[in-house]
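Reading through the structure tokens given below for one structure.
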Amino acid sequence: MNLNLYNTLSGKVEPLTLEAGKPLGIYACGPTVYDYGHIGNFRTFLQVDVLRRTLKLFGVPLRHVMNITDVDDKIIRNATALNLPIGEYTARFEKAFFEDLDALHVQRPEVIARATEHIDQMVKLIERLAAQGAAYQAEDGSWYFRLAAFPAYGKLSKKDLSGMVDGARVDVDEYEKDSARDFALWKAAKPGETSWQTAIGRGRPGWHIECSAMAMEYLGESFDLHAGGEDLTFPHHENEIAQSECATHKTFARHWMHVRFLLVEGRKMSKSEGNFFTLRDLLLKGYKASAIRFALVSVPYGNQMNFTFDGLVEATAAIERLRNFHARLVAAKLEPGATALKAAAGHAETAFRAALANDLNTAEARAPIFELVRQANTALDKGEVLAGDRDAILETLLFFDSVFDVMEDRDAEATRHAIEWAHSAGRADEIAPALLAGLSISDEEVEKLVAERTAAKKMRNFARADQIRIELAEKGILIEDSKDGVRWKRK
Ligand code: AMP
Ligand code: ZN
């Protein structure tokens with residue numbers, strides 16, 4: 001199956017085509033490791049994960065590259081304030097970033113590239129631009145890209161750049177004005193700041209040049225797909241295109257995917273607005289990592305999404321439904337043969353794949369799976385499910401979960417990590433009391449008590465059985481008796 005994906009550059013939904021003999025090259029802008037990521041950031045990484053997993057489901061070989069921006073204005077400012085070398089400062093947040101990705105079940109890209117390890121490639125790219133007159137050095141030693149050298153500037157963001165001021169310059173990494181300016185490629189060293197001695201002088205790279213140099217290093221001068229959050233379209237990606245295409249005279253990335261924002265009450269979730277939650281904030285409040293993943297991927301990447309706690313509660317319930325159904329289906333004693341459910345499982349899988357192929361429509365992809373679960377639950381109630389149905393349903397669930405990845409319960413592990421971190425970071429007061437109660441008992445202890453309760457019931461010692469149920473409930477453990485046996489879960 002082919003993935004049809006909206007391309008910001010063409011303004012159309014287009015098939016993502018594979019060049020013969022090469023894996024599909026994807027470059028996705030990674031984090032700036034100056035602080036803990038908020039869940040708006042993670043929405044973008046999760047949606048790129050959906051892209052990656054869908055391509056794998058469709059059998060497309062991949063080479064996915066993600067950068068780590070480990071030098072920039074904010075990093076230098078924060079590290080200097082703490083009197084730390086920037087490498088020591090960023091290592092802390094890079095580690096936290098990968099822990100958060102693991103908690104959210106985001107797969108690692110094939111290549112992870114740190115900006116500070118690719119200074120040579122950046123310098124060579126700037127030299128190439130300078131040789132063509134597209135880069136110039138200012139009086140202070142900094143290098144700028146000459147916007148006038150790239151008449152196609154603006155083709156990605158479709159901005160009206162009539163107000164473009166020839167020769168006006170900007171040297172901050174992030175700017176949001178609609179006017180275009182010559183932008184910094186290389187910033188001359190300032191006293192006390194981290195810098196590199198290079199052929200173009202002592203200094204450090206600007207943000208935009210990093211991504212061009214690292215994308216070309218790992219994917220070649222022209223590659224398949226470039227992704228990032230919608231705020232990166234301008235100026236970051238526009239600048240990447242300008243400097244890359246000016247240097248190579250080739251199309252930089254053929255396809256551009258932009259993940260729309262996570263909003264809070266209509267405004268972009270962001271550090272500067274102060275309206276953000278980190279993953280850790282939410283885990284400490286007692287929300288499960290799987291629910292956060294499910295909520296953030298269930299609204300398609302092409303739509304903005306409003307963050308609400310109700311949304312997390314809905315996602316938690318939906319995952320419970322899936323996990324309970326799966327456990328029930330696996331445990332059921334079924335006769336051989338198959339019913340119409342087998343065909344229904346096949347249709348659900350086809351609809352699931354088709355929705356993903358249609359511009360990664362995750363909301364539409366979810367729907368047939370939940371409908372299948374509803375039908376199969378009803379059939380199980382009536383004792384009408386046969387073994388062949390089960391095989392087909394489990395296969396469909398497996399495909400579903402290869403993209404959504406919420407079936408296996410590894411939530412307690414993520415929560416436990418967050419709690420350990422809160423203790424070490426002096427934030428233990430933020431841990432929801434219910435969480436501490438739930439984690440005060442290990443899985444093995446729960447199993448033991450559950451077995452003891454079953455034995456007590458067999459002996460008709462209902463007082464003891466009830467006592468155990470209450471004891472477990474106080475520790476946040478819920479017991480469910482069904483005709484297929486006893487199951488338990490953490491609240
Ligand atoms: P940063 O670490 O700030 O460079 O951002 C990492 C990624 O998160 C970038 O691709 C941003 O575009 C993206 N991003 C930032 N805020 C949001 C948001 N509220 N919703 C979705 N993506 C975001
Ligand atoms: Zn980038």
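Both ligands and their constituent atoms are indexed starting at 1 by order of listing.
Taking the six-membered ring for Trp and thresholds of 30 and 60 degrees, F294 and F370 have ring planes inclined between 30 and 60 degrees apart.
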Could you give the side-chain donor-acceptor pairs of residues 352-363 under 3.5 Å, partners two or more places apart or in another chain?
{"unit_1": "R353", "atom_1": "NE", "unit_2": "E349", "atom_2": "OE2", "d": "2.9"}
{"unit_1": "R353", "atom_1": "NH2", "unit_2": "E349", "atom_2": "OE2", "d": "3.3"}
{"unit_1": "D359", "atom_1": "OD1", "unit_2": "Y6", "atom_2": "N", "d": "2.9"}
{"unit_1": "D359", "atom_1": "OD1", "unit_2": "Y301", "atom_2": "OH", "d": "2.5"}
{"unit_1": "N361", "atom_1": "OD1", "unit_2": "A363", "atom_2": "N", "d": "3.3"}
{"unit_1": "N361", "atom_1": "OD1", "unit_2": "E364", "atom_2": "N", "d": "3.0"}
{"unit_1": "N361", "atom_1": "ND2", "unit_2": "E364", "atom_2": "OE2", "d": "3.4"}
{"unit_1": "T362", "atom_1": "OG1", "unit_2": "V297", "atom_2": "O", "d": "2.7"}
{"unit_1": "T362", "atom_1": "OG1", "unit_2": "S298", "atom_2": "O", "d": "3.4"}

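For ligand 1, the polar-atom distance check against G40 finds a nitrogen or oxygen pair separated by under 3.5 Å. The N/O atoms of L262, backbone and side chain alike, include one that comes under 3.5 Å of an N/O atom in ligand 1. At least one N/O-N/O distance between D231 and ligand 1 falls below 3.5 Å. Note: no N/O pair closer than 3.5 Å links E230 and ligand 1 by distance alone. Any N or O atom pair closer than 3.5 Å counts here, and N41 shares at least one such pair with ligand 1. For the pair T32 and ligand 1, the shortest N or O to N or O distance falls below 3.5 Å. Residue M269 places at least one N or O, backbone or side chain, under 3.5 Å from an N or O of ligand 1.
In summary, the side chains of E413 and H417 do not present any donor paired with an acceptor at a separation below 3.5 Å, with no hydrogens or angles considered. Of the N and O atoms on the side chains of Y153 and N239, at least one donor lies less than 3.5 Å from an acceptor on the other residue.
A salt bridge is absent between R146 and D182; no separation between the charged side-chain nitrogens and carboxylate oxygens falls under 4.0 Å. Under the 4.0 Å criterion applied to side-chain N and carboxylate O atoms, K124 and E127 are not assigned as salt-bridge partners. Electrostatic pairing of K489 and D409 does not count as a salt bridge here, judged by no charged N lying under 4.0 Å from a carboxylate O. Between K12 and E14, no side-chain nitrogen of the basic residue sits less than 4.0 Å from a carboxylate oxygen of the acidic one, so the salt-bridge criterion is not met. Looking at R108 and D102, a side-chain N of the basic residue comes within less than 4.0 Å of a carboxylate O on the acidic one, giving a salt bridge.
Here is the list of ligand 1 atoms found below 4.0 Å of a heavy atom in P31: 2 (O). Short contacts between ligand 1 and T44, defined as distances under 4.0 Å to a heavy atom of the residue, involve ligand atoms 10 (O), 13 (C), 21 (C), 22 (N), 23 (C). Residue-ligand proximity, G229 to ligand 1, at heavy-atom distances under 4.0 Å covers atoms 10 (O), 12 (O). Close approach of ligand 1 to K268 (heavy-atom distance below 4.0 Å) involves ligand atoms 16 (N), 19 (N).
Taking 4.0 Å as the cut-off, H38 counts as a neighbour of ligand 1 on heavy-atom distance. The shortest separation from a heavy atom of V259 to ligand 1 is not under 4.0 Å, leaving the residue out of contact.
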**Request:** Run the numbers on F307 and F277 for ring-ring contact (aromatic ring centres under 6.0 Å, His included), then give the verdict.
**Result:** CA-CA 10 Å; F307 172 77; F277 293 101; 5.4 Å; yes

**Prompt:** Hey, mind stepping through F93 and Y89 against ring-ring contact (aromatic ring centres under 6.0 Å, His included) and telling me if it holds?
**Reply:** CA-CA 7 Å; F93 292 107; Y89 180 78; 5.2 Å; yes

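Looking at W421 and L284, their side chains come closer than 4.5 Å, going by heavy atoms from C-beta outward.
Within the protein, the N, O or S atoms lying under 2.8 Å from the Zn ion (ligand 2) are C29 SG, C211 SG, H236 NE2.
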